Each structure stands twice: as structure tokens, then as C-alpha cells.
**Q** 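Handing you this structure, nothing more for now.
FYI, side chains are in, hydrogens and waters are out, and symmetry mates aren't considered; it's all heavy atoms of this structure. These numbers were taken from a predicted model, which means no experiment stands behind them.
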Amino acid sequence: MPRELMKDKKERALKIAERMNEHYPAAECALHYWGDPFKLTIAVLLSAQTTDKGVNKVTPALWERYPTPEALAQAEIADVENIIRTIGFYHAKAANCIKCARIVVTEFGGEIPRDMQLMQKLPGVGRKTANVVLNEAFGIVEGIAVDTHVFRIAHKLKLVGPSADTPQKTETALLKLYPRDYWGPINHQWVLFGRETCIARRPKCETCFLSDLCPSAGKK
């Protein structure tokens, strides 16, 4: 593929966004959090390198045992580990859950801060998690949450170059490409697209609604 001018890439990116809106007009967060920003924060923290389905299986028991940040802040790490042991990296995640709850209680009055920088002070919470929580729980769009699906699809669609080799660099490139009004739905839509169509090991290029806009279509 010849080098694509930024003007042409932006036009293609907008066409991709329009089709995503047609196919996923009401894309929602797959994690269960009962409308509680703290529960969402913990769920996203737990979802790293683990499926959302796996997280949704353990969080009901976690919140039954520790229904508030105050309760989780007082938890024994072994008890939390036992509840979430079916998900990946449960030792580190259990520790981060408790530490996160303690900071939320002691520094933020039991509430998740509505601020990108303050959220990233919470153990286990990076920019991706903060983006998801701010967008989903508070309607605050500070950026685009780049998880494994968004990272892979951005590169498959050639919307970002090889130098965007980290989630942060990929987010920066996408923010330059898309107007701010488009940032909000991208994560939820692309996650669904990645699970249903642009599957990592076996992308369904032959039936993909973006095939004519994707330089990687039909290529391994």
C-alpha cells in the first residue's frame, strides 16, 4: 500500500467510525458494575489479561463479601485472592484491589475521583482504566481507552504506524486522527468488533463490514 496522506487517512478513519456506529449503535461496557464507579474501577483493574466474562463471574461474590470501598479496604488479601483466584494474576490483583480501596477511602472520601491524573494514583489503575471509568461512569471523555483489542485493530486498519508500539503511543495517534466527538464510543465498539469479526487468530475478513477500508483485509 502506498503511503497514505494524513488527509486521506482521516477520511478513511471517519468512514470506519460511521460504519461502527451503524453496526454498534448502542455498544455498552461488558463488565458488570451496577452503576457504581468504584465497582467499575475494580472490575476494569481485574480485567487486565483476563476476559470480561471471567471477571463478571467473580465480582458478585466479591461485592457480596465487601459491598463498599470501606469494607474492601479492611479485607484480608488471602480472602480476596480466594474469591478471584479463577482469573489471571489474582495475587497481584487482590493486593491492588485492597490498596485501591484504601486510597479511595483515605484520600478521596470513598469516591472515585473524576480526574485522569488523580485516578492514576490508584494502584493498578493506568490510563486505559482511567479512560474507561471516566467515560463509562461519568461521561467524561479525556481520551480513548486502548486495550488489546483497540491496539490490535488500530494496527490492522493501518490507522497508526509501526512506531505506535505501545498503548499510549497508539492512543496519541488515534486522538490526532479522530475529532474529539468520536472518542467516546471507540473502545466499546472496537472491543465488540474484535470479539466478533476481527478476531486475533482468525479474522473474518470475508464477511467484515470494513474489508474495503482495511489494508490488511485477506492478509495473514
**Q** For Asn187 and Glu136, which I'm curious about, is there any donor-acceptor pair between the side chains at under 3.5 Å?
**A** no

**Q** Could you grab the distance from atom CG of Leu45 to atom NZ of Lys128, nearest 0.5 Å is fine?
**A** 9.0 Å

**Q** Can Glu11 and Asp8 be said to form a side-chain contact (heavy atoms from CB on, under 4.5 Å), step by step?
**A** CA-CA 5 Å; Glu11 289 178 359; Asp8 295 332; 4.2 Å; yes

**Q** Between Arg12 and Leu213, does a side-chain contact (heavy atoms from CB on, under 4.5 Å) hold up when you go through it step by step?
**A** CA-CA 7 Å; Arg12 186 166 63 90; Leu213 297 173; 4.3 Å; yes

**Q** Can you check side-chain hydrogen bond (donor to acceptor under 3.5 Å, both in side chains) on Asn135 and Glu142, steps first, answer last?
**A** CA-CA 8 Å; Asn135 186 356; Glu142 291 289 334; over 6 Å; no

**Q** About how many Å separate NE2 of His188 and SG of Cys29, when rounded to the nearest 0.5 Å?
**A** 5.0 Å

**Q** With sequence neighbours left out, write down each residue that passes side-chain hydrogen bond (donor to acceptor under 3.5 Å, both in side chains) with Glu81, or none if nothing qualifies.
**A** His91

**Q** Show your working on side-chain contact (heavy atoms from CB on, under 4.5 Å) between Arg195 and Ile199 and close with a plain yes or no.
**A** CA-CA 6 Å; Arg195 288 174 177 161; Ile199 303 167; over 6 Å; no

**Q** For a side chain to side chain contact (heavy atoms under 4.5 Å, CB included) with Val133, tell me which candidate from Met119, Met116, Arg114 qualifies.
**A** Met119

**Q** What I'd like to find out is whether the side chain of Arg19 reaches to under 4.5 Å of the side chain of Asp212, using heavy atoms alone.
**A** yes

**Q** Tell me whether Thr50 contacts the main-chain N or O of Ile87 through its side chain, where contact means a donor paired with an acceptor under 3.5 Å.
**A** no

**Q** Give me the one residue out of Thr148, Ile153, Asp147 that meets side chain to side chain contact (heavy atoms under 4.5 Å, CB included) with Val150.
**A** Asp147

**Q** With sequence neighbours excluded, tell me which residues meet side chain to side chain contact (heavy atoms under 4.5 Å, CB included) with Ile103.
**A** Glu107, Phe108, Leu122, Pro123

**Q** What is the distance from atom NZ of Lys176 to atom CG of Leu159, rounded to the nearest 0.5 Å?
**A** 14.5 Å

**Q** Should the ring pair His23 and Phe209 be called parallel, tilted or perpendicular, given that the plane angle runs from 0 to 90° and is split at 30 and 60?
**A** parallel

**Q** Before you tell me yes or no, could you show the steps for Gln74 and Tyr66 under side-chain hydrogen bond (donor to acceptor under 3.5 Å, both in side chains), namely the whole-Å CA-CA distance, both residues' side-chain angles and the distance that decides it to 0.1 Å?
**A** CA-CA 9 Å; Gln74 299 298 318; Tyr66 307 107; over 6 Å; no

**Q** Go through the steps for Gln117 and Lys121 under the test side-chain contact (heavy atoms from CB on, under 4.5 Å), then give the verdict.
**A** CA-CA 7 Å; Gln117 300 305 318; Lys121 291 180 64 177; over 6 Å; no

**Q** Could you tell me whether a side-chain N or O of Arg65 sits under 3.5 Å from a main-chain N or O of Ile83, the two making a donor and an acceptor?
**A** no

**Q** Which word best sums up how the rings of Phe151 and His155 line up, parallel for under 30°, tilted for 30 to 60°, or perpendicular for over 60°?
**A** tilted

**Q** So, using side chain to side chain contact (heavy atoms under 4.5 Å, CB included) as the criterion, who are the partners of Ala17 when residues are at least two apart?
**A** Tyr178, Tyr182

**Q** Please check if any side-chain donor atom of Asn21 sits under 3.5 Å from a side-chain acceptor atom of Gln189, or the reverse.
**A** yes

**Q** Side chain of Ser47, backbone of Val44: donor and acceptor closer than 3.5 Å?
**A** yes

**Q** Quick check: does any side chain N or O of Thr59 sit under 3.5 Å from a backbone N or O of Leu62, one acting as donor and the other as acceptor?
**A** no

**Q** If you define the side chain from C-beta out and look only at heavy atoms, does anything of Leu177 sit under 4.5 Å from Met6?
**A** yes

**Q** Going from NZ on Lys156 to SG on Cys214, what distance comes out if it is rounded to the nearest 0.5 angstrom?
**A** 7.5 Å

**Q** Please check this pair: side chain of Lys93 against backbone of Gly88, looking for a donor-acceptor N/O pair closer than 3.5 Å.
**A** yes

**Q** Are Lys158 and Ser216 close enough that some pair of their side-chain heavy atoms sits under 4.5 Å apart?
**A** yes

**Q** Taking 4.0 angstrom as the limit, do Glu171 and Arg127 come out as a salt bridge?
**A** yes

**Q** Quick one: do Val105 and Ile77 end up in the same hydrophobic cluster if we chain Ile, Leu, Val, Met, Phe, Trp and Tyr together by side-chain heavy atoms under 4.5 Å apart?
**A** no

**Q** Looking at every non-hydrogen atom in both residues, tell me the closest pair between Cys97 and Leu46 and how far apart they are.
**A** SG-CD2, 3.7 Å

